[in-house]
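Quick notes on the structure that follows.
Because the structure is a prediction, the values reported are computed rather than measured. In what follows, every heavy atom counts, from backbone to side chain, and hydrogens, waters and symmetry copies are set aside.
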Amino acid sequence: MRNQRMTTPIRKVLIANRGEIAMRVIRSCRQLGLASVAAYSDADRGMPWTRAADEAVFIGPAEALASYLNMDRLIAACRETGADAVHPGYGFLSENASFAERLAAEGLRFIGPTPQAMRAMGDKIAARRLMESRGVPVVPGYDGDDQSLERLRAEAERIGTPLLIKASAGGGGRGMRLVQDLAEFSSALESARREAQNAFGDSRVFLERFVAAPRHIEIQVFGDSHGNIVHLFERECSIQRRHQKIIEESPSPALTPAVREAMAQAAVMAARAVDYTGAGTIEFIYSDADAGFYFLEMNTRLQVEHPVTEMVVGLDLVAEQIRVAEGRPLSFKQADLRQNGHALEVRLYAEDPAQGFLPATGKVALFEVPQIAGVRVDAGVETGSEISIYYDPMAAKIIAHSVDRESAIDLLRRALAQTVFFGPENNLTFLDAILAHDSFRSGKFTTRFIEEHFASWKGPEMTPAERDCAQSAVALLHFHNARARGASAAGAASVADADRPFDGFRLWGV
């Protein structure tokens, strides 16, 4: 039986993160009547979340190691502002057990799971062994302590090809290599170990049988310090580029009610195995061929794609995180939860899909998303914001919720058609092309969807004259909208005088 926390209200939350998740946490804090503190680096001065929060605090240079990953500076920022809790968002220090322990030692609350749970699930080999011992299905493979080349090669021969080499401390595809031929094993192993060491300071690997044509499906779980652990159903996350998700949805078009229930119960078992508190996600590989699913990993934090779950189940997951961190029980029980309708999320990135998803930087000359019923926008930038080289290039998430999958896709496409993003190259047109594809609309796809259907995608062609016309039309539209909102004509017209050409733009529905 876990030790129950004393219920202690949180008064002020420092957000140890940036971008759209900072804006998201600020919104929940405001609704709960809590004060919020935005942290920002040199590169993020004047960004939207620094103005949206009740106060903002400078934490260091643009480099993440000196700012958003600087535990000393973040703790000092709590002292400077009187914050009594820290929300880590995702990425950065969100799954760092040492950070949670240091906050506790300082008398500060970490809005997330316990350090013990993070450590148990952060080591992929240990997590795999634990899940197997608790009856959670895992992909056949090798996760032993003997990391010698000879033993790993012997295990690879036993497992057979294709197989995956995966970093024990890994995530996001780093330290992962697919081996199709055992003659390539030694070089792939050396490459995976080198990348794992550089990324995580840990070169250990494990081997798994490669599941052909897999889907990536995850279950949202939530626990509190009173012994309650529930699931909030699944998210389909198979549309990925370079092992990074770009479109997520709930429910999954692949799962039957029976498989959904079995996967959800396995996820709850996984969370119970580490006495989990707060928001977490159990990720599974799923095979359409035999309806089999296998534990992949647990993310001991809030996920980027949490809005689709919020839209379908009607809950504020950030508010529940804060509630659990205060020592209170969850505000709902498993029997209270239903999947209502369908939700999809697309991630708007400053990147060039036609150039291998090369990240883009620069000033956002114009960014507007229409206000449409059923459409939600979580954005970390606005017109005039600078997208820098230092951080992930995701600019915003656009989420649509409707009664069923087909109408949700149509609603999301309508929102994208009226979205304008001038400045850095971006993936708006690419996202819509995915939503319009027959295989996506039918729900019959795997994690190889982009490689299979968009490997040579170059985007729509446009002549210089068409580009000039489009730029002028959108500048005029922006002027009209700004004037309608009461903005000065001079302020609106200044968009047309941006100091860089309009590239990577989108002009539909105008």
Using only heavy-atom distances, determine whether the side chains of T447 and R215 contain a donor-acceptor pair under 3.5 Å. no

Donor-acceptor pair, side chain of N17 and main chain of Y90, under 3.5 angstrom: yes

Using atom types as modelled and distance alone, determine if a side-chain donor or acceptor of D44 lies under 3.5 Å from a backbone N or O of Y40. no

Donor-acceptor contact present, side-chain S67 to main-chain E63, <3.5 Å: yes

Walk me through whether E20 and V377 qualify under side-chain contact (heavy atoms from CB on, under 4.5 Å). CA-CA 9 Å; E20 52 83 23; V377 180; over 6 Å; no

Would a 4.5 Å heavy-atom cut-off, applied to side chains only, mark E184 and D181 as touching? yes

D404 and S407: side-chain hydrogen bond (donor to acceptor under 3.5 Å, both in side chains), yes or no, with the steps? CA-CA 6 Å; D404 55 35; S407 59; 2.7 Å; yes

Could you tell me whether R24 and D316 make a salt bridge, using a distance below 4.0 angstrom between a side-chain N and a carboxylate O? yes

Let me see the working for R193 and N198 under side-chain contact (heavy atoms from CB on, under 4.5 Å), right down to the final yes or no. CA-CA 9 Å; R193 281 174 159 170; N198 291 338; over 6 Å; no

Are a donor atom and an acceptor atom from the side chains of E283 and N299 found within less than 3.5 Å of each other? yes

In terms of ring plane angle, is the pair H453 and F449 parallel, tilted or perpendicular, where the classes change at 30° and 60°? tilted

Determine whether L431 and I247 make a side-chain contact, defined as any pair of heavy atoms from C-beta on separated by less than 4.5 Å. yes

Side chains of Y390 and S41: do they bring a donor and an acceptor to under 3.5 Å? no

Given the rule in the side-chain contact (heavy atoms from CB on, under 4.5 Å) test, do L232 and L317 qualify, once you have shown the distances and angles that lead to the verdict? CA-CA 10 Å; L232 286 77; L317 299 191; 3.6 Å; yes

Below 4.5 Å, heavy atoms only, C-beta onward: do S385 and K363 meet side chain to side chain? no

Regarding D432 and T429, do their side chains bring together a donor and an acceptor under 3.5 Å, going by distance alone? no

Distance to the ring centre below 6.0 angstrom and angle to the axis at most 45 degrees; does that hold for R448 and F210? no

Are R376 and E345 within salt-bridge range, i.e. N to O under 4.0 Å? no

Between Y391 and Y68, does the ring pair (Phe, Tyr, Trp, His ring centres under 6.0 Å) criterion hold? Intermediate values first, please. CA-CA 10 Å; Y391 314 114; Y68 297 105; 5.6 Å; yes

Would you please indicate if the ring centroids of Y142 and F206 are separated by under 6.0 Å? no

Within the side chain of S28, is there an N or O that forms a donor-acceptor pair under 3.5 Å with the backbone of V25? no

Closest heavy-atom pair, H401 versus A343, reported as atoms and distance to 0.1 Å, is CD2-CB, 4.1 Å

If you measure from the Lys or Arg side-chain nitrogens to the Asp or Glu carboxylate oxygens, is any gap between D378 and R27 under 4.0 Å? yes

How long is the gap from OG on S250 to CD1 on I399, to the nearest 0.5 Å? 13.0 Å

Any side-chain heavy-atom pair of L348 and V369 under 4.5 Å: no

Tell me whether K245 is salt-bridged to E236, with the criterion being a basic N under 4.0 Å from an acidic carboxylate O. no

Kindly say whether C29 contributes a backbone atom to a donor-acceptor pair with the side chain of S36 at under 3.5 angstrom? no

To the nearest 0.5 Å, tell me how far S439 OG sits from F445 CZ. 9.5 Å

Within-4.5 Å side-chain heavy-atom neighbours: M263 and L255: yes

Greater than 12 external heavy atoms within 6.0 Å of D290's CG: yes

Which one of R235, E218, H306, E234 satisfies the side chain to side chain donor-acceptor pair (under 3.5 Å) criterion with T281? R235

Under a 4.0 Å threshold between the charged nitrogen and the carboxylate oxygen, would R51 count as salt-bridged to E382? yes

Test ring pair (Phe, Tyr, Trp, His ring centres under 6.0 Å) applied to Y349 and F357, step by step: CA-CA 9 Å; Y349 279 102; F357 304 99; 8.9 Å; no

Nearest-0.5 Å distance that lies between atom CE in M311 and atom CG in L344: 10.5 Å

Mind checking the CD-CD1 spacing from E425 to I387? Nearest 0.5 Å is all I need. 11.5 Å

Would you call the rings of F293 and F284 parallel, tilted or perpendicular if under 30° counts as parallel and over 60° as perpendicular? perpendicular

Determine the minimum heavy-atom distance between L207 and A156, stating which atoms define it. CD1-N, 3.8 Å

Between T383 and F367, is there a donor-acceptor pair closer than 3.5 Å when you use the side chain of the first and the backbone of the second? yes

Over all heavy atoms of both residues, which pair between G380 and M47 is shortest? Give the atoms and the distance, please. O-CE, 3.8 Å

With side chain to side chain donor-acceptor pair (under 3.5 Å) as the test, pick out the partner of E248 among H216, K397, R347, Q303. R347

Looking at W49 and A39, would you say the former's side chain and the latter's main chain have a donor-acceptor pair under 3.5 Å? yes

Gap between atom SG of C237 and atom CD of E305 - 0.5 Å precision: 4.5 Å

Could you grab the distance from atom OG of S191 to atom CE of M176, nearest 0.5 Å is fine? 13.0 Å

Are the side chain of Q321 and the backbone of A279 linked by a donor-acceptor contact shorter than 3.5 Å? no

Nearest heavy-atom pair of E95 and T300: which atoms, and what distance? OE2-N, 2.8 Å

For the residue pair N96 and M118, establish whether any side-chain heavy-atom pair is separated by less than 4.5 Å. no

Can you confirm whether I398 sits close enough to T419 that some side-chain heavy atom of one is under 4.5 Å from a side-chain heavy atom of the other? yes

Least distance between heavy atoms, I159 atom then G141 atom: CD1-CA, 3.6 Å

With salt bridge (Lys or Arg N to Asp or Glu O under 4.0 Å) as the test, pick out the partner of D143 among K166, R204, R128, K124. R128

Counting only N and O atoms by type, is there a donor-acceptor contact under 3.5 Å from the side chain of S442 to the main-chain atoms of K444? yes

Can you name the nearest heavy-atom pair linking A56 to T50, along with the distance? CB-O, 3.6 Å

How about D42 and R45: do any of their side-chain heavy atoms sit closer than 4.5 Å? yes

Evaluation steps, side-chain contact (heavy atoms from CB on, under 4.5 Å), between F430 and I246: CA-CA 10 Å; F430 181 68; I246 54 173; 3.8 Å; yes

